[in-house]
Amino acid sequence: MTPTRKSFSSIRGVHDILPGESERWQAIERAAGRLFAAFGFREIRLPIFEATELFARGIGEATDIVEKEMYTFADRSGESVTLRPEGTAPAIRAFLEHHLGAAQAVTKLYYWGPMFRYERPQKGRFRQFYQIGAEIIGSGAPEADVELLALLHLLFERLKIDGVRLELNSLGDEACRPAYRQTLQRFLESKQADLCENCRRRTATNPLRVLDCKNESCREATADAPMIVDHLCEACRSHHDRVTEGLAALKIVYHPNPRLVRGLDYYNRTTFEWTTTKLGAQNAVVGGGRYDGLVALLGGDPAPAIGFALGMERMAELLPPELGQPAAPDLFMAALGEQARAWAAPLVLALRKEGYRVETEYGDASLKSQMRRADKTGARWVCIVGENELTSGQIVVKNLQTKAQETLEADRALDELRLRLASLPPSPVSSPPPGGRGEHKAR
RNA sequence: GUGAGUGUAGCUCAAUGGCAGAGCACUGGACUGUGGCUCCAGUGGUUGGGGGUUCAAUUCCCCUCACUCACCCCA
């Protein structure tokens with residue numbers, strides 16, 4: 001009787017992060033985690049779904065995300081819930097719900113995890129994708145903007161990612177944007193013939209976005225369009241200047257992009273993206289900006305805030321290939337036969353307890369195949385224990401790089417092995433996982 | 001949502017209507033207890049799925065699913 005076999009695969013646009021890739025993610029998470037700590041951000045762990053209304057109100061009813069990209073469904077009680085398409089609205093919801101702002105004037109939060117948008121997948125774009133996000137809530141000072149940008153700048157530096165550029169713009173605020181919007185609208189109305197269908201529609205609904213259109217003729221038509229940076233009110237002008245001065249003082253290179261308009265309604269003043277040309281049609285690795293109105297919009301006392309979202313998949317694609325490689329074992333224990341394995345087991349455990357990476361074979365395998373595996377895993381040392389060794393009280397240790405082989409007293413095996421492993425050069429491939437050898441060596 | 005391309009072994013790909021193959025990987029051997037290099041052998045397939053045309057379909061046609069890329073949008 002042959003059982004019918006059904007195979008499964010992950011659903012569309014949703015991917016497994018496999019070993020090989022996960023190490024690269026860990027490299028990003030480690031680097032980001034250290035920087036968040038250094039900058040005084042604390043982690044908040046947020047739910048993966050929220051009331052639909054939170055996103056509809058927070059992100060904006062007219063945005064693409066809310067109009068057509070949300071994973072929305074009714075739960076068993078009939079409440080409409082939505083898998084989070086972004087993290088800022090949930091973060092602010094939690095901030096308000098738990099009165100996190102009461103303990104200090106400025107609250108700095110970060111989070112990471114999956115986000116969900118129902119889009120057609122393509123390079124760098126998925127239905128379940130991962131973001132690292134951070135928010136500074138409670139400060140409208142340009143220094144906050146600069147600090148956030150400096151953190152990201154350091155992150156790219158730490159991860160040795162180049163070929164990215166920081167693009168910067170200001171969207172103004174409620175004092176200056178309405179007037180600019182009208183000015184732009186009038187301009188666009190005079191150019192209707194040259195605009196794509198989409199942009200003709202957007203002239204009325206969201207004229208700012210026309211500036212962001214990739215269409216060649218739209219680009220040309222708006223070449224001499226009025227730009228928001230030239231129509232900022234006094235307060236926004238001053239804010240923007242102090243941000244750019246702050247960046248310059250920290251030697252952080254940025255590229256003014258007066259066309260940088262972001263897709264979520266809540267942004268005002270500073271907006272930014274780190275862009276790259278290495279991700280196909282996608283160019284944003286990190287996006288963010290100031291959203292001084294959102295806290296009040298979600299029912300809190302008005303509080304200015306700024307944040308960013310970083311795309312993990314996109315970031316991982318940009319990592320230099322040598323970063324995040326799996327760490328090779330320090331030692332491969334080749335034990336031959338049941339007795340030898342029993343003898344070696346406590347030794348292996350003792351070394352692992354100290355943080356050394358030790359690999360073994362589970363069942364019976366020839367020395368040849370164990371040596372082959374030791375070589376393939378990249379282990380620096382092999383310890384050979386068999387019947388000969390057990391009767392003679394001597395074990396064999398071989399350095400796979402130098403091929404040097406020596407015989408050790410079995411009784412002193414732990415000390416002798418520790419001696420050799422401790423003198424290993426630092427692993428060139430990656431740092432050990434938390435609690436691994438780093439901890440051991442730091443002692 | 002729209003458009004284009006691609007689905008054959010674990011991976012990368014051949015086979016244009018006539019017996020489903022190669023390289024890599026994996027396992028074993030040459031070397032009975034010493035890795036890489038070399039050589040030899042072996043395991044591995046519902047050719048994405050369904051239907052049709054045909055004596056005969058991986059190949060041609062239809063449907064469907066998936067993946068990829070692009071539009072759109074963004075992380």
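Not measured: the values here are computed from a predicted model. Residue numbers start from 1 in every chain, and the chains themselves are labelled A, B, ... in the order their sequence lines are given, proteins ahead of strands.
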Exercise for the section: Just call it for A:Ile384: base, sugar-phosphate, or nothing, with non-hydrogen atoms closer than 4.0 Å on any strand. Expected result: base

Exercise for the section: Could you check A:Glu313 against A:Val385 and say which one's nearest nucleotide on RNA chain B is further toward the 5' end? Expected result: A:Val385

Handout entry: Which residue lies more 5' along RNA chain B, comparing A:Asn198 with A:Leu310 via nearest heavy atoms
Key = A:Asn198

Which whole-number value in Å describes the distance from [X] [atom1] to [N] [atom2]?
{"X": "A:Glu167", "N": "B:A75", "atom1": "CD", "atom2": "P", "value": "14 Å"}
{"X": "A:Leu208", "N": "B:C73", "atom1": "CG", "atom2": "P", "value": "14 Å"}
{"X": "A:Phe332", "N": "B:U34", "atom1": "CZ", "atom2": "C1'", "value": "12 Å"}
{"X": "A:Phe116", "N": "B:C73", "atom1": "CZ", "atom2": "C1'", "value": "19 Å"}
{"X": "A:Glu21", "N": "B:C11", "atom1": "CD", "atom2": "C1'", "value": "17 Å"}
{"X": "A:Lys68", "N": "B:G1", "atom1": "NZ", "atom2": "C1'", "value": "8 Å"}
{"X": "A:Glu135", "N": "B:A75", "atom1": "CD", "atom2": "C1'", "value": "13 Å"}
{"X": "A:Ile395", "N": "B:U34", "atom1": "CD1", "atom2": "C1'", "value": "15 Å"}

Handout entry: Check: A:Pro85 main-chain N/O paired with A:Arg117 side-chain donor or acceptor under 3.5 Å
Key = yes

If we take the [atom1] atom in both [N] and [M], what is their distance in whole Å?
{"N": "B:U59", "M": "B:U68", "atom1": "C1'", "answer": "22 Å"}
{"N": "B:G36", "M": "B:A25", "atom1": "P", "answer": "12 Å"}
{"N": "B:C31", "M": "B:A15", "atom1": "P", "answer": "40 Å"}
{"N": "B:G44", "M": "B:A20", "atom1": "C1'", "answer": "13 Å"}
{"N": "B:U46", "M": "B:C11", "atom1": "P", "answer": "12 Å"}
{"N": "B:C60", "M": "B:U54", "atom1": "C1'", "answer": "10 Å"}
{"N": "B:A66", "M": "B:U38", "atom1": "P", "answer": "42 Å"}
{"N": "B:G21", "M": "B:C61", "atom1": "C1'", "answer": "27 Å"}

Practice task
Report, as a single string ordered 5' to 3', how protein heavy atoms within less than 4.0 Å touch nucleotides 64-69 of chain B: B base, S sugar-phosphate only, - not at all.
Solution key: ---SSS

Handout entry: side chain to side chain donor-acceptor pair (under 3.5 Å) involving A:Asp415 - partner list, sequence neighbours excluded
Key = A:Arg418

Exercise for the section: Using side chain to side chain donor-acceptor pair (under 3.5 Å) as the criterion, list what pairs up with A:Thr222, not counting sequence neighbours. Expected result: A:Arg259

Practice task
Give me the residues of residues 282-295 of chain A where at least one heavy atom lies under 4.0 Å from an atom of RNA chain B, by number, or none.
Solution key: A:Gln282, A:Asn283, A:Ala284, A:Val285, A:Val286, A:Gly287

When you measure only distances, ignoring hydrogens and angles, does the side chain of [X] come within 3.5 Å of the base of [N] through a donor and an acceptor?
{"X": "A:Glu317", "N": "B:A75", "result": "no"}
{"X": "A:Gln405", "N": "B:U34", "result": "yes"}
{"X": "A:Glu69", "N": "B:G1", "result": "no"}

Pairs under 3.5 angstrom only: tabulate donor-acceptor contacts from the side chains of residues 273-281 of chain A to other protein residues two or more places apart or in another chain.
| from | atom 1 | to | atom 2 | distance (Å) |
| --- | --- | --- | --- | --- |
| A:Glu273 | OE2 | A:Arg262 | NH1 | 2.8 |
| A:Thr275 | OG1 | A:Glu167 | OE2 | 3.0 |
| A:Thr276 | OG1 | A:Lys278 | N | 3.0 |
| A:Lys278 | NZ | A:Asp162 | O | 3.4 |

Quick one: side chains of residues 333-349 of chain A, donor-acceptor pairs under 3.5 Å with protein atoms, not counting sequence neighbours, listed by atom name and distance.
| from | atom 1 | to | atom 2 | distance (Å) |
| --- | --- | --- | --- | --- |
| A:Arg341 | NE | A:Tyr362 | O | 3.3 |
| A:Arg341 | NH1 | A:Gly363 | O | 3.4 |
| A:Arg341 | NH1 | A:Asp364 | OD1 | 3.1 |

Problem - Those residues that, when tested against A:Glu361, pass salt bridge (Lys or Arg N to Asp or Glu O under 4.0 Å) (two or more places apart) - result: A:Arg373

Practice task
Answer yes or no: are there more than 12 heavy-atom neighbours, outside A:Glu387 itself, under 6.0 Å from its atom CD?
Solution key: no

Practice task
Going by the side chain to side chain donor-acceptor pair (under 3.5 Å) test, name the single residue among A:Glu406, A:Glu389, A:Glu409 that passes it with A:Gln394.
Solution key: A:Glu409

Practice task
For the residue pair A:Leu211 and A:Ile228, establish whether any side-chain heavy-atom pair is separated by less than 4.5 Å.
Solution key: no

Problem - With A:Arg24 via side chain to side chain contact (heavy atoms under 4.5 Å, CB included) - residues at least two apart - result: A:Glu21, A:Leu319

Completion exercise
Residues passing the side chain to side chain contact (heavy atoms under 4.5 Å, CB included) test with A:Arg177, sequence neighbours excluded, are A:Leu171, A:Asn268

Fill in the blank from the handout: CD1 (A:Ile65) and CD1 (A:Ile59) are apart, to the nearest 0.5 Å, by 5.0 Å

Practice task
Output the distance between atom CD (A:Glu135) and atom CZ (A:Phe308), rounded to the nearest 0.5 Å.
Solution key: 8.5 Å

Completion exercise
Among B:A75, B:C72, B:G33, the one nearest any side-chain atom of A:Glu387 is B:G33

Problem - Nucleotide of B:G33, B:G28, B:C71 approaching A:Ser369 most closely (side-chain heavy atoms) - result: B:G28

Can you give me the N/O atom pairs linking the protein to nucleotides 35-39 of chain B at distances under 3.5 Å, or say none if there are none?
| from | atom 1 | to | atom 2 | distance (Å) |
| --- | --- | --- | --- | --- |
| B:G35 | O2' | A:Asp375 | OD2 | 3.3 |
| B:G35 | N1 | A:Leu400 | O | 2.5 |
| B:G35 | N2 | A:Asp375 | OD1 | 2.9 |
| B:G35 | N2 | A:Leu400 | O | 3.0 |
| B:G35 | N3 | A:Asp375 | OD1 | 3.1 |
| B:G36 | O4' | A:Asp375 | OD2 | 3.0 |
| B:G36 | O6 | A:Lys403 | NZ | 3.1 |

Completion exercise
Symbol by symbol from the 5' end, with Watson-Crick or G-U pairs under 3.5 Å, [ ] crossing and | another strand, RNA chain B is (((((((..((((....[..)))).(((((.......))))).....(((((..]....))))))))))))....

Exercise for the section: Indicate the ring-plane relationship of A:Phe126 and A:His15, choosing parallel, tilted or perpendicular according to the 30° and 60° boundaries. Expected result: perpendicular

Problem - No-hydrogen, no-angle side-chain donor-acceptor test under 3.5 Å, A:Thr271 and A:Asn169 - result: no

Completion exercise
Applying ring-ring contact (aromatic ring centres under 6.0 Å, His included) to A:Tyr71 and not counting sequence neighbours gives A:Tyr118

